[in-house]
Amino acid sequence: MLNIALPKGRLGDKVYKLLMALGYPCRELEDEGCRKLIFENEESGVRYFLVKPSDVAIYVEKGAADIGVVGKDILLESEAQVYELLDLGFGRCRMAVAAKKDFRDDTDRPLRVATKFPHIARTYYDGLGRETEMIKLYGSIELAPLVGMADVIVDIVETGTTLRENGLEVVSEIVPISARLIANPAAYVFKGEEIRRICDELKKEISK
Ligand code: PRP
């Protein structure tokens with residue numbers, strides 16, 4: 001059995017369609033009303049786990065899943081010990097620093113950074129030698145500078161609409177983000193042939 005951690009939501013739907021085309025269908029998974037979390041197709045030798053997108057890397061790191069698909073943002077933030085096999089090229093966005101339009105950095109005090117990604121933000125600012133105070137939030141990050149709680153945010157920017165509609169702008173870009181195929185290192189040894197085949201087929205599929 002090949003165990004696959006599939007992120008719930010749009011990304012997972014897209015990945016499932018690709019895997020289905022490669023010979024890993026699981027009809028039950030296509031039933032939208034179903035609340036099950038494990039889906040198995042013995043015939044094609046696959047078992048899917050439906051997990052929260054931010055948990056995919058941990059399932060793969062721990063070996064509960066052999067492979068998975070996860071955003072590069074989550075991979076960087078979690079520092080999971082997994083193999084990154086392929087950039088799937090979708091779910092593209094960027095990790096960026098943003099602030100109010102009139103923002104001026106006062107280097108006499110630590111920079112207050114609101115973010116869902118404190119590890120990425122800290123690594124970025126450590127690289128610049130800038131002292132920071134991290135404010136970990138779980139959503140609506142753009143609100144923090146508007147209410148004076150933070151100087152800047154480090155967050156995902158996709159279309160830029162959320163920033164624009166809240167009077168914020170990108171100050172600097174940290175890293176481009178997209179969906180990645182990842183594998184558990186031990187599974188990559190024991191189920192290597194199958195995993196490499198999936199990786200090669202996915203590469204062909206996305207370059208069409
Ligand atoms: C993400 C991100 C930004 C927004 C960026 O938030 O944190 O807020 O999307 O997208 P845009 O550039 O296309 O506007 P999400 O929708 O996940 O909601 P959240 O605020 O609950 O994190």
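Not measured: the values here are computed from a predicted model. Just follow the structure's listing: the first ligand is 1, and inside any ligand the first atom is 1. The basis for the numbers below is simple: all heavy atoms, side chains too, and nothing from hydrogens, waters or symmetry mates.
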Is the closest protein non-hydrogen atom to atom 1 (C) of ligand 1 under 4.0 Å? no
Residue pair Met95 / Ile120, side-chain heavy-atom distance below 4.5 Å: yes
Ligand-residue contact atoms, ligand 1 with Gly160, heavy atoms, under 4.0 Å: 11 (P), 12 (O), 13 (O)
Apply side chain to side chain contact (heavy atoms under 4.5 Å, CB included) to the pair Lys36 and Glu28, showing each step before the final yes or no. CA-CA 9 Å; Lys36 275 175 68 170; Glu28 219 184 345; 3.0 Å; yes
Does the side chain to side chain donor-acceptor pair (under 3.5 Å) test come out yes or no for Thr123 and Asp126, once each step is laid out? CA-CA 5 Å; Thr123 306; Asp126 282 355; 5.9 Å; no
Between Phe39 and Tyr48, is the gap from one ring center to the other below 6.0 Å? no
Counting non-hydrogen protein atoms only, what is the nearest one to atom 14 (O) of ligand 1? Give residue, atom name and distance. Thr162 OG1, 2.4 Å
heavy-atom search around atom 17 (O) of ligand 1 in the protein gives Lys116 NZ, 3.9 Å
Name the closest protein heavy atom to atom 8 (O) of ligand 1, giving the residue it belongs to and the distance to 0.1 Å. Glu142 OE2, 2.6 Å
Can you find a heavy atom in the side chain of Leu11 that is under 4.5 Å from one in the side chain of Phe90? yes
For Ser140, take its heavy atoms, then give the atoms of ligand 1 lying under 4.0 Å from any of them. 19 (P), 20 (O), 21 (O)
Sub-4.0 Å atoms of ligand 1 with respect to non-hydrogen atoms of Ile156: 2 (C), 3 (C), 5 (C)
Is Ile182 linked to Val51 within one hydrophobic cluster, defined over Ile, Leu, Val, Met, Phe, Trp and Tyr using a side-chain heavy-atom separation of less than 4.5 Å? yes
Provide, to 0.1 Å, the distance between atom 21 (O) of ligand 1 and the closest protein heavy atom, together with that atom's residue and name. Gly139 CA, 3.7 Å
Pick one of side chain, backbone, both or neither for how Asp155 approaches ligand 1, counting any non-hydrogen atom pair under 4.0 Å. side chain
Atom 11 (P) of ligand 1 sits nearest the protein heavy atom Thr159 OG1, 3.3 Å
Measuring from Ile206:CD1 to Lys208:NZ, what's the distance to the nearest 0.5 Å? 11.5 Å
